[in-house]
Asks: 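I have a structure I would like to understand better, so I am pasting it below and will then ask my questions one at a time.
Keep in mind that what you see is a predicted model, and the values were worked out from it rather than measured. Counting starts at 1 for both ligands and their atoms, in listed order.
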Amino acid sequence: MNNPSFASVQDMLASLRPSYPVMCFWPERIAQTARRFLDGFPGKVLYAVKCNPHGIVLDAMYGAGIRNFDTASLNEIALVDERFEDANCYFNHPVKSRAAIDSAVRVYGVNDFVVDHPSELGKLIEIAGPGHIIQVRLRTPGGVATFDLSAKFGADEDMGVELLREVVAQKSRPAVSFHVGSQCSKPSAYAKAFEIVARVLSRAGVAPEYINVGGGFPVSDAETKAPPLEEFFAQIRESAAQYGFLDKVPLYCEPGRGMVADAASLITQVHLRKDNQLYLNEGIFGSLSEIVYGDMRPPLQAIRLKGPLSNEMRPFTLFGPTCDSNDVVPHQFALPKDISEGDWIEVGGVGAYSNALQSSFNGFTTDTFVAIRGTMPSAFAP
Ligand SMILES: *Cc1c(COP(=O)(O)O)cnc(C)c1O
C-alpha cells in the first residue's frame with residue numbers, strides 16, 4: 001500500500017484541503033530515533049508494535065535497521081512476518097490463547113514467549129513443546145510512570161523464582177523481562193527493577209538467556225520535558241554492570257512510545273466555533289484518547305492557508321466529532337483568538353498510542369495517513 005508523501009504539512013494541506021483528519025508521519029524522524037536506540041542501548045532493540053503498527057512506521061524502523069519486534073497477538077506477528085522476510089517476532093504477551101501459541105510456533109516459527117504464571121507456563125509447554133526461550137515477566141514497583149504496566153502483569157519475586165526453575169525443569173531456556181510502566185520519567189525505575197531481577201535470578205540459581213528491560217522510555221510534551229534517552233541507557237548499563245550482567249547476559253529493550261511518539265502530527269479541522277468552544281473532526285474516541293488517559297499536553301498550532309491568524313491567544317475547549325458528550329478534551333488549549341471554521345489544528349507528538357487506539361464510533365475514523373519528507377519543524381520535535 002502506498003501512502004502519499006509531501007514536503008511539509010502546509011504542502012499536504014494545500015494539496016488535499018482535507019475536511020477529514022490526517023495523520024502525518026515523519027519517517028526520517030522515526031529512523032533517527034531508531035538509530036539512537038540501536039547505537040545507544042547496550043543490547044538488542046525490539047520495537048513494540050502495539051504502539052503504532054502503521055506501515056509507514058514499521059517501514060521506517062526497518063529501514064533504520066530494526067529487525068526485532070515485540071508482538072502481542074497473532075495479527076501483530078502476521079503483520080511483521082509478512083512484511084519483512086528477515087524480521088524476528090517475540091510473543092511477549094503473558095496471556096495467550098492455545099490457538100495463538102500453536103499458530104505462532106507452527107506457522108510463524110516464533111521461538112520466544114513470556115509468562116507470569118504457572119498455568120500459562122503449563123499451557124505454553126503443552127502446546128509449543130520444550131526448547132523455546134521463555135521470559136519470566138517480573139512485577140516492578142508502580143508510581144514511576146504515567147501508565148503502570150505491572151498492575152495487570154508480572155510475577156512477584158517468589159513466583160518469579162518458581163517459574164524460572166520450572167522453565168529449566170521443562171527443558172526450556174529461561175530469560176527475564178519487566179516493564180517499568182509507559183512514559184516513565186525516572187531512570188532510577190530501571191535501577192530498582194534490576195535490583196529485583198538480580199535477587200530473583202540469584203535465588204532461582206538459573207542463568208538467563210537475556211534480560212529484557214521492556215519499554216517505558218518517555219517523551220516530552222508541551223509542558224513536561226523528559227530526560228533524554230541517553231540518561232536511561234546510561235542507567236541501564238550502570239545497573240547491569242553493578243549486578244555483574246553487563247557483557248555476560250545480553251540485554252534487550254522493547255520501546256514503543258520512545259521510538260515514535262514525537263514523529264507524528266494529527267491534522268484536525270475546525271467544523272464549528274461557538275464562542276470559546278471548537279468542534280473538531282477528531283477527538284478522544286479517535287486518535288487523541290491519550291490526552292485523557294495519559295493527561296498528555298501535546299503541542300498545538302493553528303494553521304490557516306488563506307491569510308494570517310491572530311498572535312493573541314485565548315483558551316479553547318476542544319470537542320471531538322461524535323455525538324457523545326464525553327467526547328471533549330478535559331483541559332483547555334491556547335489557540336489564536338480568531339480561529340474559525342475551516343482552519344486546521346496541528347496536534348504534535350501523537351505518534352504513540354493514537355491511531356492504534358482509535359475507534360470508528362459514530363462513523364468517525366482517521367484513515368488518511370501520509371509521510372512528510374525531511375526533518376521535522378523544531379517546534380514539534382522537542
Ligand atoms: C506496551 C509494551 C511495550 C512498549 O512500551 P512503551 O512504554 O510504549 O515503550 C513494551 N513491552 C511490553 C511487554 C508492552 O506491553
Side-chain angles (χ1 to χ4, degrees), residues 30 33-34 36-38 40-41 43-54 57-58 61 66 68-73 75-77 80 88-96 100 104 110 112-117 120 133-140 142-155 175-187 189-190 193 197 210-221 226-229 232-233 235-236 251-264 289-290 293-294 296 349-357:
I30 298 171
T33 309
R36 225 168 127 195
F37 269 97
L38 289 166
F41 181 78
K44 193 181 273 192
V45 180
L46 287 60
Y47 170 59
V49 173
K50 81 166 185 287
C51 180
N52 198 321
H54 196 274
V57 173
L58 296 180
M61 298 278 172
I66 298 287
N68 297 287
F69 295 85
D70 160 21
T71 48
S73 64
N75 277 345
E76 287 184 354
I77 293 168
V80 169
N88 232 345
C89 287
Y90 297 72
F91 203 162
N92 287 355
H93 194 310
V95 186
K96 298 161 285 298
V110 173
D112 273 75
F113 298 89
V114 166
V115 302
D116 72 352
H117 192 273
E120 182 73 11
I133 295 183
I134 303 179
Q135 305 163 56
V136 171
R137 166 97 171 251
L138 297 175
R139 179 175 299 161
T140 56
V144 289
T146 302
F147 303 88
D148 192 347
L149 273 94
S150 283
K152 182 170 177 182
F153 298 131
V176 175
S177 73
F178 59 81
H179 196 303
V180 295
S182 198
Q183 184 69 3
C184 170
S185 55
K186 296 192 177 69
Y190 294 84
V197 167
Y210 57 80
I211 297 169
N212 175 0
V213 306
F217 305 92
V219 289
S220 301
D221 68 11
L229 289 174
F232 290 85
F233 300 157
Q235 177 64 72
I236 288 163
L251 299 176
Y252 289 19
C253 68
E254 44 184 22
R257 183 186 305 279
M259 282 278 216
V260 292
D262 68 2
S289 61
E290 272 224 330
Y293 297 119
M296 304 296 263
V350 293
Y353 306 108
S354 47
N355 48 289
L357 273 73

Asks: For Arg137, what residues pass the salt bridge (Lys or Arg N to Asp or Glu O under 4.0 Å) criterion, not counting sequence neighbours?
Replies: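 Arg137: no salt bridge (Lys or Arg N to Asp or Glu O under 4.0 Å) contacts found.
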Asks: Just to verify, which of Asn92, Leu149, Asn212 counts as forming a side-chain contact (heavy atoms from CB on, under 4.5 Å) with His179?
Replies: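 Per the side-chain contact (heavy atoms from CB on, under 4.5 Å) rule, the option paired with His179 is Leu149, out of Asn92, Leu149, Asn212.
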Asks: Report the residues that fulfil ring pair (Phe, Tyr, Trp, His ring centres under 6.0 Å) with Phe69, sequence neighbours left out, ordered by chain and then residue number.
Replies: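 Phe69 satisfies ring pair (Phe, Tyr, Trp, His ring centres under 6.0 Å) with Phe84 once adjacent residues are dropped.
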Asks: List in chain and number order the residues that pass ring pair (Phe, Tyr, Trp, His ring centres under 6.0 Å) with His117, two or more places apart in sequence or in another chain; answer none if no residue qualifies.
Replies: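 Here no residue qualifies.
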Asks: Under the ring-ring contact (aromatic ring centres under 6.0 Å, His included) rule, what do Phe37 and Phe233 come out as? Steps first, then yes or no, please.
Replies: CA-CA 9 Å; Phe37 269 97; Phe233 300 157; 5.3 Å; yes
Asks: Heavy atoms only: give me the nearest Pro227-Pro187 pair and the separation to one decimal.
Replies: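 Shortest heavy-atom contact: CG-CD, 4.5 Å.
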Asks: Using a 4.0 Å cut-off on heavy atoms, what residues surround ligand 1? Order them by chain and number.
Replies: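 These residues qualify: Ala48, Lys50, Asp70, Asn92, Arg137, Leu149, His179, Ser182, Gly215, Gly216, Glu254, Pro255, Gly256, Arg257, Tyr353.
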